Each structure stands twice: as structure tokens, then as C-alpha cells.
Protein chains: 2
Amino acid sequence: MATQADAAARSRTPLSRQRVLDTAVALADEGGVDALSMRRIAQALGVVPMALYKHVANKDELLDGMIDVVVGEVDPPAGGTDWKTAVRQRILSARRMLLRHPWAAGVIESRTKARTTPTPAVLAYLDSMIGVFRAGGFSIDLVHHALHVMGSRLLGFSQELFEDRPGGEPDPDAPAPEEMAARYPHITELAMAVAHDRDSVVGSGCDDQFEFEFALDLTLDGLDRLRARS
Amino acid sequence: MATQADAAARSRTPLSRQRVLDTAVALADEGGVDALSMRRIAQALGVVPMALYKHVANKDELLDGMIDVVVGEVDPPAGGTDWKTAVRQRILSARRMLLRHPWAAGVIESRTKARTTPTPAVLAYLDSMIGVFRAGGFSIDLVHHALHVMGSRLLGFSQELFEDRPGGEPDPDAPAPEEMAARYPHITELAMAVAHDRDSVVGSGCDDQFEFEFALDLTLDGLDRLRARS
DNA sequence: ACCTGAACACCGTTCAAGT
DNA sequence: ACCTGAACACCGTTCAAGT
């Protein structure tokens with residue numbers, strides 16, 4: 001009975017809030033946040049479901065804790081460089097975190113909407129980001145504008161509408177190529193141009209990393225122009 | 001028995017996919033998407049839960065249908081103007097839709113992630129948006145870049161991290177002002193500057209609409225500069 | 001053939017009973 | 001005082017029994 005042995009081995013390490021959160025993050029990474037349940041976390045820890053409630057008040061508080069775990073993985077701002085390099089590196093670090101934890105952007109968004117204040121780690125992230133802008137000579141008003149301009153990109157999130165699905169089954173109820181071309185001519189034109197331009201890139205034929213940095217740089221250059229003018 | 005009469009009156013109008021979707025959208029508008037269940041929709045329609053499955057295959061397909069209902073509310077692109085005005089007006093129309101249906105951005109995002117293709121209405125929205133760029137003289141490559149730059153803003157979504165909560169109870173476990181100031185000095189500085197600057201604005205002291213248009217215009221000007229250069 | 005009640009396999013969380 | 005099994009009030013969906 002390997003399962004019982006595993007459970008015994010696990011229960012030798014005492015349960016802690018950190019262990020609960022780490023397990024929850026690992027399960028969400030594997031199976032997505034929809035498949036994450038208190039019962040399943042308990043099972044993975046070899047523990048009865050109610051034992052979790054000693055370390056987290058309820059599921060919402062668990063999700064808040066998970067947010068703080070992953071936001072804590074984002075690199076702090078680099079010192080000794082100009083503001084633009086520091087912001088750029090940090091946002092790219094946040095993006096890497098979100099690629100590691102695909103569920104995080106959605107959870108951060110929905111939990112932030114439900115709370116009055118972002119979670120502590122998100123607050124700390126924003127605060128040090130503002131600090132970089134301020135140290136770079138931005139007026140407080142311009143920082144305010146800048147945060148709005150960055151929007152969700154501040155957390156490295158970019159909404160990919162045509163991302164390839166892992167596994168890549170053709171999906172039975174997807175529209176046929178001819179129908180796509182007839183109904184959505186502009187999308188088709190664009191998709192073909194992209195496929196032709198970037199033959200070497202695997203997957204969707206679109207270099208997401210390049211596009212992300214292109215968008216990021218355009219925004220940063222615009223902000224820098226405003227900064228120089230003030 | 002008013003309830004029974006209501007149910008009878010409702011069931012006189014035959015159930016249809018449109019009526020199911022409209023009811024679901026209305027319930028989500030009122031109570032949020034978390035409180036939306038097949039059982040609750042059925043109850044609102046005075047119908048047994050299983051009756052819904054004649055008109056929608058399952059809950060995911062219901063959510064897809066709801067997306068198409070609300071995206072269909074976005075104005076089509078205005079004709080007879082320059083590309084920038086047309087894009088601007090359309091994005092502002094999408095933003096108004098999302099303010100009417102606060103659950104929509106999250107559902108669009110999560111459902112798009114789960115499907116291989118965006119829902120038909122989202123495809124149509126994107127297609128006509130691309131059409132506006134193309135008619136405005138954008139090369140296909142530049143349109144491709146532009147879509148990435150707009151990102152989620154293309155659907156009018158902007159992530160507001162410090163939105164005031166309706167009802168405005170002080171929230172017992174929110175950090176005290178002194179603690180906020182000590183731990184997050186830059187956020188506090190910014191919040192105070194904003195509050196001082198815009199005394200007249202009700203609520204958070206931050207004019208969301210102005211900020212949204214500021215960000216939008218910065219992005220559009222950047223794109224226009226690239227367009228003129230090519 | 002159509003409709004639907006009961007049932008199944010879940011879920012988060014309460015609570016009282018056991019140690 | 002601590003821990004936990006059973007129970008409660010849900011959920012989406014299957015399926016067989018009723019019309």
C-alpha cells in the first residue's frame with residue numbers, strides 16, 4: 001500500500017500554512033485552478049479536509065495566500081540602472097512567473113476585485129515599482145498616469161486570444177479553414193501573413209516574446225517622452 | 001401564491017436559447033458570475049433545471065452564449081472617419097459594455113483560454129477591428145503588432161487595482177492608514193497626491209474615465225507614429 | 001418522442017461527538 | 001483543548017422512469 005506509506009511519510013512533516021499553500025500552488029500548476037479543491041489539497045497532503053482550516057480560514061483566504069506565494073517569486077527591482085531598464089526587467093520577471101503559473105493572472109484579478117485592497121505581496125510589488133519610477137525622476141502625477149497606462153501589463157499579463165492549446169487536438173467544433181476565411185477575412189489575412197513571415201517559429205507562428213517586448217517598449221518610450229517634456 | 005402565478009406567466013412564453021441566455025446575463029449582472037448556477041437560472045425562468053439542457057449543451061456552452069450576447073452589444077465601427085477615431089469610439093463602446101456587465105471580462109478571458117478559438121462574436125469583433133486598421137493604411141504586419149500592443153485593452157478592459165467597493169464598508173481586516181503609510185510609502189504618497197489633486201471627484205478621487213482615455217491616446221499616438229514612419 | 005424527478009459524484013463549510 | 005467524521009446545503013450532469 002504505497003498510498004498509505006506516502007501519507008504516513010507526509011504526516012511526519014507537520015502541517016503548516018506554507019506547506020498547504022505550496023501544495024495548492026503545485027496542484028493549480030498541474031491541473032488548473034478549477035480542479036483545485038480543499039478536499040484535493042488535503043488528499044495530496046495525506047490529511048483530512050478539515051485539517052486545512054487550521055492554517056487557512058477558508059478557500060478565498062487560501063487563494064490570497066497562493067497569490068502572495070507566486071508574486072513573491074518575482075525578482076525585486078534591479079539597483080544601479082536607469083528606471084526604464086529596471087521596470088523592463090521586473091515586468092519580464094513577472095511575466096516569467098505568470099508563464100510558470102498560468103492560473104495566477106486570473107486569480108489575482110478576481111481576488112483583487114473581491115477584496116478592498118490587493119494582497120500584501122501585490123501591494124509590495126506595486127510599491128517598489130512606484131519607487132523605481134520616482135527614483136527615475138517621474139513626478140507623482142506622472143507615476144499615477146504611468147500605472148494606468150501599464151494597466152495589467154504591470155503584472156506581465158498579456159491576453160493571447162489565439163494561443164495554441166497544449167496537446168493540439170484539432171478540436172471537432174472549430175470552424176473549418178474555408179469557413180474562417182469566408183467569415184473572418186481580416187483575421188485570415190493576418191494569420192497567413194504571420195505564418196508566412198515566421199516559418200521558423202514553432203507553434204502558432206507568432207513570436208509571443210517578441211510581441212510582448214515590442215508592446216512594452218512602445219509604452220515605455222511613450223512614457224519617457226512625456227517624462228522628458230515635463 | 002404570487003410565485004406560482006409568475007412561473008405560470010413565464011412558462012406561457014416558450015423557453016428558447018435566447019431567453020435562457022438573456023436570463024443568465026441578467027442574473028450575472030445582479031449577483032456576479034459565481035452566484036450563477038444552472039439551477040438558479042431555471043428557477044428564475046420557472047422551469048425545471050434539466051429543461052435548460054434542451055437549449056444549451058452544458059454550462060460552458062451557456063457561458064459562451066452569454067459572451068456572444070454582451071459582445072453583440074458593442075457598437076460596430078463607425079464609417080466615414082479616420083482609423084483612430086473609429087478605433088477609439090469602438091473601444092470606448094466596449095468599455096461601456098464591460099461596465100454594464102462586470103463579469104464579462106473575466107468570463108471572456110477564461111473561456112477563451114479554455115477554447116481553441118474565441119467565440120463567434122469575439123471573432124467578429126476582432127475581425128472588424130482589424131478591418132478598420134487595414135482601411136486606415138496599416139500594413140498587415142503593423143496590424144499584427146497593433147493587436148498585441150492593444151492587448152486586453154482591445155476589449156476595453158483595464159485592471160483597476162484600487163477600485164472602491166460598492167457599499168463602502170471600511171473592511172475590518174484592511175491595514176490601518178498608519179500601517180499602510182509605513183509599509184507602502186510610495187502608494188501612500190501617490191494616493192495622497194491623487195486625493196489632493198482631484199477633490200471634486202466622488203469616490204476614489206481618481207477619474208477612471210480620464211485615466212483610461214489618457215492611456216488609450218498614448219497607445220494610439222504611438223501606433224500612429226509607427227504607421228507614418230512605414 | 002418528449003419531459004423530468006431522482007440519483008450520482010462532487011463541492012465548501014458547520015458542528016457535534018470523540019479523544 | 002484539540003481533532004475529525006458525519007452532515008448540511010449546495011453544485012453540474014446522467015439516466016431511467018413516467019407521460
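In this text the structure is predicted, and so the values were computed from the model without any measurement. Residue numbering restarts at 1 for every chain, and letters A, B, ... go by the order of the sequence lines.
Counting only heavy atoms from C-beta outward, the side chains of Leu62(A) and Met38(A) approach each other to under 4.5 Å. Considering only heavy atoms from C-beta on, Met66(A) stays 4.5 Å or farther from His101(A) through its side chain. Put simply, the side chain of Trp103(B) reaches to within 4.5 Å of the side chain of Asp29(B), judged on heavy atoms. You'll find the side chain of Val107(B) stays beyond 4.5 Å of the side chain of Val70(B), heavy atoms only.
If you check every strand for non-hydrogen atoms under 4.0 Å, Met50(B) touches a base.
Atom CE of Met38(B) is separated from atom P of dC10(D) by 18 Å (rounded to the nearest Å). Straight-line distance from the NZ atom of Lys59(A) to the C1' atom of dA9(D): 17 Å, rounded to whole Å. Taking atom CG of residue Leu15(A) and atom C1' of nucleotide dC2(D), one finds them 14 Å apart after rounding to whole Å. As rounded to whole Å, 11 Å separates atom C1' of dG12(C) from atom CD1 of Ile41(A). We find that CG of Leu63(B) is positioned 15 Å from P of dC11(D), with the value rounded to whole Å. Between Glu61(B) atom CD and dG12(D) atom P there is a gap of 15 Å when expressed in whole angstrom units. Leu62(A) places its CG atom 14 Å from the P atom of dC11(C), with the value rounded to the nearest Å. Summarising the geometry, the separation between CG on Leu52(A) and P on dG5(D) is reported as 13 Å, rounded to the nearest angstrom.
Taking the nucleotide of DNA chain D with the nearest heavy atom to each of Ala51(A) and Tyr53(B), the more 5' of the two is matched to Ala51(A).
As the counterpart of dA9(C), no nucleotide is assigned, since no Watson-Crick or G-U wobble pattern has both distances under 3.5 Å. Pairing for dT4(C) goes to dA16(D), judged as Watson-Crick or G-U wobble with the two contacts each under 3.5 Å.
Between dG12(C), dC11(D), dT4(C), one nucleotide has an atom nearer to the side chain of Arg39(B) than all others, and that is dC11(D). For Lys54(B), the listed nucleotide lying nearest its side chain is dC3(C); candidates were dG12(D), dC3(C), dG5(D). For Val48(B), taking side-chain heavy atoms from C-beta onward, the closest of the listed nucleotides dG5(C), dG12(C), dT4(D) is dG5(C).
The salt bridge (charged side-chain N to carboxylate O under 4.0 Å, His left out) test with Asp75(A) singles out one residue from Arg95(A), Arg88(A), Arg90(A), Arg96(A), and that residue is Arg96(A).
Put simply, Arg40(A) has no side-chain N or O that comes within less than 4.0 Å of OP1 or OP2 on dC10(C).
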